[in-house]
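Notes to accompany the following structure.
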Amino acid sequence: MNERIRIRIKAHWVNSWFLKLVSKPVAVVGRAEHPLDWSKPTEIEIEQNTSVRIGVGVRYFGRGKLLGVSMTEVPAYSTLELRPDVITYRNGFWNHEPFKLVELTSVVPGGTKQVQLARQSPHPQERGGEHGNRRGKRTGRENPHRRGHAEPVTEESGEQ
C-alpha cells in the first residue's frame with residue numbers, strides 16, 4: 001500500500017531569483033526522479049511504513065547533471081499524527097550549497113504543528129568558519145565552536 005507525501009523546495013532569498021529563472025527543481029525519492037514546482041509543494045507517492053531516502057536538487061536549463069542534492073533518510077512513521085505532511089528543503093546562502101532538509105510539517109487534529117530540523121546560517125563564521133582565510137594564515141579569528149583553542153580557521157583547497 002502506498003501513501004502520498006508533499007515535498008516543497010525553497011531557495012535562499014539571496015540566490016532564489018537566479019535559481020527560479022534558470023533552473024528546474026527535481027526531487028529524488030529512492031532512485032526515482034520527480035519534477036518539482038518552485039511555488040507549491042508537490043505530491044509524491046511512497047511506500048507506506050518504510051523509511052525512504054529523499055533529496056532535492058536542480059538542473060540548469062532543465063538538462064544536464066542534477067546539482068545540489070543532499071540525500072536524507074526520512075524514517076517510517078507508525079501513526080498518522082507523526083507522519084510529515086510537507087517536507088521542506090532549502091539551499092544555503094551560497095549558490096553552491098546543497099539543498100538540505102530544513103522542516104517537517106505535520107498536520108495534527110486542531111491545527112498545524114511544525115518541527116524545525118535544521119537552521120542554515122547565512123554567515124560562514126557562524127558555521128564554524130568554513131570560508132575563513134583561504135591561505136591558512138592567522139587572522140585573529142578563531143573558530144567560535146572551539147573556545148580555548150588557538151587554532152586558526154582555514155579552508156582546504158584541492159589546488160597543488
Side-chain angles (χ1 to χ4, degrees), residues 1-132 143-146 155-158:
M1 186 168 195
N2 292 334
E3 64 179 309
R4 298 180 83 69
I5 60 168
R6 296 189 310 159
I7 298 177
R8 175 186 299 142
I9 183 170
K10 290 184 174 181
H12 193 278
W13 67 271
V14 170
N15 54 36
S16 67
W17 68 272
F18 177 74
L19 285 173
K20 290 177 181 180
L21 183 66
V22 299
S23 69
K24 303 278 186 206
V26 176
V28 179
V29 179
R31 294 194 172 160
E33 292 187 1
H34 305 274
L36 295 177
D37 190 352
W38 286 110
S39 61
K40 62 183 180 198
T42 303
E43 284 194 2
I44 296 174
E45 205 168 277
I46 62 169
E47 261 193 61
Q48 191 172 9
N49 296 329
T50 52
S51 59
V52 64
R53 291 181 51 81
I54 300 175
V56 170
V58 295
R59 281 199 173 92
Y60 287 105
F61 304 108
R63 59 182 183 265
K65 186 176 177 181
L66 188 60
L67 303 172
V69 179
S70 176
M71 297 299 283
T72 306
E73 185 82 21
V74 177
Y77 294 94
S78 58
T79 64
L80 191 59
E81 288 89 25
L82 296 176
R83 183 182 60 82
D85 182 50
V86 179
I87 301 173
T88 305
Y89 286 82
R90 184 173 69 88
N91 70 332
F93 178 81
W94 305 107
N95 192 37
H96 68 273
E97 293 182 20
F99 287 87
K100 294 183 181 176
L101 179 64
V102 292
E103 184 176 273
L104 290 174
T105 306
S106 298
V107 176
V108 295
T112 300
K113 179 182 178 184
Q114 293 186 352
V115 180
Q116 194 77 12
L117 291 183
R119 178 182 162 265
Q120 292 183 359
S121 170
H123 301 290
Q125 291 79 17
E126 289 180 22
R127 289 193 306 251
E130 294 173 14
H131 300 284
N143 187 335
H145 301 289
R146 302 190 77 194
E155 178 180 299
E156 292 185 21
S157 174

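Every salt bridge (charged side-chain N to carboxylate O under 4.0 Å, His left out) that R59 has, sequence neighbours left out, goes to E33. In this structure T42 satisfies the side chain to side chain donor-acceptor pair (under 3.5 Å) test with no other residue, sequence neighbours excluded.
In this structure, P41 and R6 approach most closely via the heavy-atom pair CB-CB, 3.9 Å. Considering all non-hydrogen atoms of both residues, G55 and V69 come closest at CA-CG1, 4.2 Å. Closest heavy-atom contact between V52 and G30: CG2-N, 4.1 Å. The nearest pair of heavy atoms linking N15 to G92 is ND2-O, 3.3 Å. Here the closest heavy-atom approach between residue A27 and residue I7 is recorded as CB-CD1, 4.2 Å. Between F99 and V56, the shortest heavy-atom contact is CB-O, 3.4 Å.
Distance check, rounded to the nearest 0.5 Å: CD of E73 to OG of S51 gives 4.0 Å. Going from atom CZ of R90 over to atom OG of S16 covers 10.5 Å, rounded to the nearest 0.5 Å. In this structure, CG in L19 is found 5.0 Å from CG in N95, a value given to the nearest 0.5 Å. Here the NZ atom belonging to K10 is positioned 12.5 Å from the OG atom belonging to S39, to the nearest 0.5 angstrom. Once rounded to the nearest 0.5 Å, the distance linking CD1 of I44 with CZ of R4 reads 9.0 Å.
Although no hydrogens or angles enter the test, the distance criterion places no donor-acceptor pair under 3.5 Å between the side chain of N91 and the main chain of H96.
Aromatic ring orientation, F93 versus H12: perpendicular (interplanar angle above 60°, classes split at 30° and 60°).
By the 4.5 Å heavy-atom criterion applied to side chains, I46 and I54 are not counted as neighbours. Y89 has its side chain out of reach of L36: every pair of non-hydrogen atoms, C-beta onward, lies at least 4.5 Å apart.
Every pair tested for side-chain hydrogen bond (donor to acceptor under 3.5 Å, both in side chains) that includes a residue from residues 20-29 fails, sequence neighbours excluded, so the list is empty.
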